[in-house]
Amino acid sequence: MSTHASDPLAALGSLPGVADAVDSVRKAVDRVYGHRVMRRRSNEISSEAALRGARGSAALSGADWALEEVRRRSDFSADPEARTVGAALRLGSEAGQLLSIWRQSPLRVLARLHLVAAGDPGESVGRPRLDGETVEEPLVTAPVPTPAEVAGRLDGLAELIVAGGEAPALVTAAVVHGELLALRPFTSYNGLIARAAERIALVGSGLDPKAICPAEVGHAEQGRAAYLAAFEGYLSGTPEGVGGWIAHCGRSVELGVRESTAVCEALQRGAA
């Protein structure tokens, strides 16, 4: 992600398809927030969105469990898939506790997310990887940037987040997601962390203050192939590629809205 505009994130709003995606997401979010169930049961919707978002994020990382299996499990230590689902659930629970720190110190939040995902204070946990440390991220096979490049780009991303600016929430969240997936700054769980950070950016921006629009659901619903194809566009750095990635993230938010709308309807019928 690179541009020479004074407000780089805001400049991305003029990329192909981005304005339409931003408008479509805003309308979809407004509709679900206007649902009558939201007025009295928003906490239930938020909890269900976190669960379904965690399931979707874990599915993209190779642990594609049924929702009811995720719901009923209590032990997530048995095997790599279970640990992935457990990490996704912990990240979903933790994300809401980090909003106040995100705009002041996003790098602290990212370090905390890795610690939460890993679940143990190992030597490489809670900090960006060092020279010689390997990355476990089976979904993304693109070349891994060096630790020096990671440090520079993380600092740049943090500066953009702290500075704020005029960029739409969708644009900021998509760039946060794309950069973290491109950098894979930690030795493990980078995909889960990138998607959790996207959620934090969407919530913290005020677009989705009650965290009821789980983009992770939409990313999973569109499938790993579409996710990776859109991400390749982001990696290309071309206007069409970056715009396509932002639009893909927008569609994921809309699908997350659709999921939460269905939950609202079920609650209204007394079926959930």
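Positions are given from 1 along the sequence. Basis for what follows: all heavy atoms, side chains included, without hydrogens, waters or symmetry-related copies. Since this is a predicted model, take the numbers as computed values, not measurements.
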Quick one: are Val25 and Val257 in side-chain contact, heavy atoms under 4.5 Å?
no
Electrostatic pair Glu68-Arg72, nearest N-O below 4.0 angstrom
no
Straight-line distance of Asp30 CG to Leu207 CG, nearest 0.5 Å
8.0 Å
Let me check something: do Val22 and Leu255 share a hydrophobic cluster, defined by ILVMFWY side-chain heavy atoms less than 4.5 Å apart, either directly or through other members?
no
Do the side chains of Ile246 and Leu12 get nearer than 4.5 Å, heavy atoms only?
yes
Any side-chain heavy-atom pair of Cys213 and Leu202 under 4.5 Å
no
Sidechain N-carboxylate O distance under 4.0 Å for Arg199, Asp208
no
Take Arg258 and Glu254 through the test salt bridge (charged side-chain N to carboxylate O under 4.0 Å, His left out) and record every step on the way to the result.
CA-CA 6 Å; Arg258 188 176 72 179; Glu254 290 186 65; over 6 Å; no
Using the rule that Ile, Leu, Val, Met, Phe, Trp and Tyr join whenever any side-chain heavy atoms are under 4.5 Å apart, tell me whether Val18 and Val176 fall into a single cluster.
yes
When you look at Tyr227 and His177, which way does the ring-ring contact (aromatic ring centres under 6.0 Å, His included) test go after all the steps?
CA-CA 12 Å; Tyr227 182 75; His177 184 168; 5.6 Å; yes
Could you check whether Glu44 pairs with Arg41 (Lys NZ or Arg NE/NH1/NH2 to Asp/Glu carboxylate O, under 4.0 Å)?
yes
Check each of Arg83, Glu136, His114 against Ser188 using the side chain to side chain donor-acceptor pair (under 3.5 Å) test, and report the only one that passes.
His114
Val175 versus Leu9: any side-chain heavy-atom pair under 4.5 Å?
yes
Does a donor on one side chain and an acceptor on the other come within less than 3.5 Å for Ser124 and Thr187?
yes
Side chains of Glu216 and Ser252 in contact at under 4.5 Å (non-hydrogen atoms):
no
Regarding Ser260 and Arg52, do their side chains bring together a donor and an acceptor under 3.5 Å, going by distance alone?
no
Would Ile101 and Leu115 show up in the same hydrophobic cluster when neighbours are defined by side-chain heavy atoms closer than 4.5 Å?
no
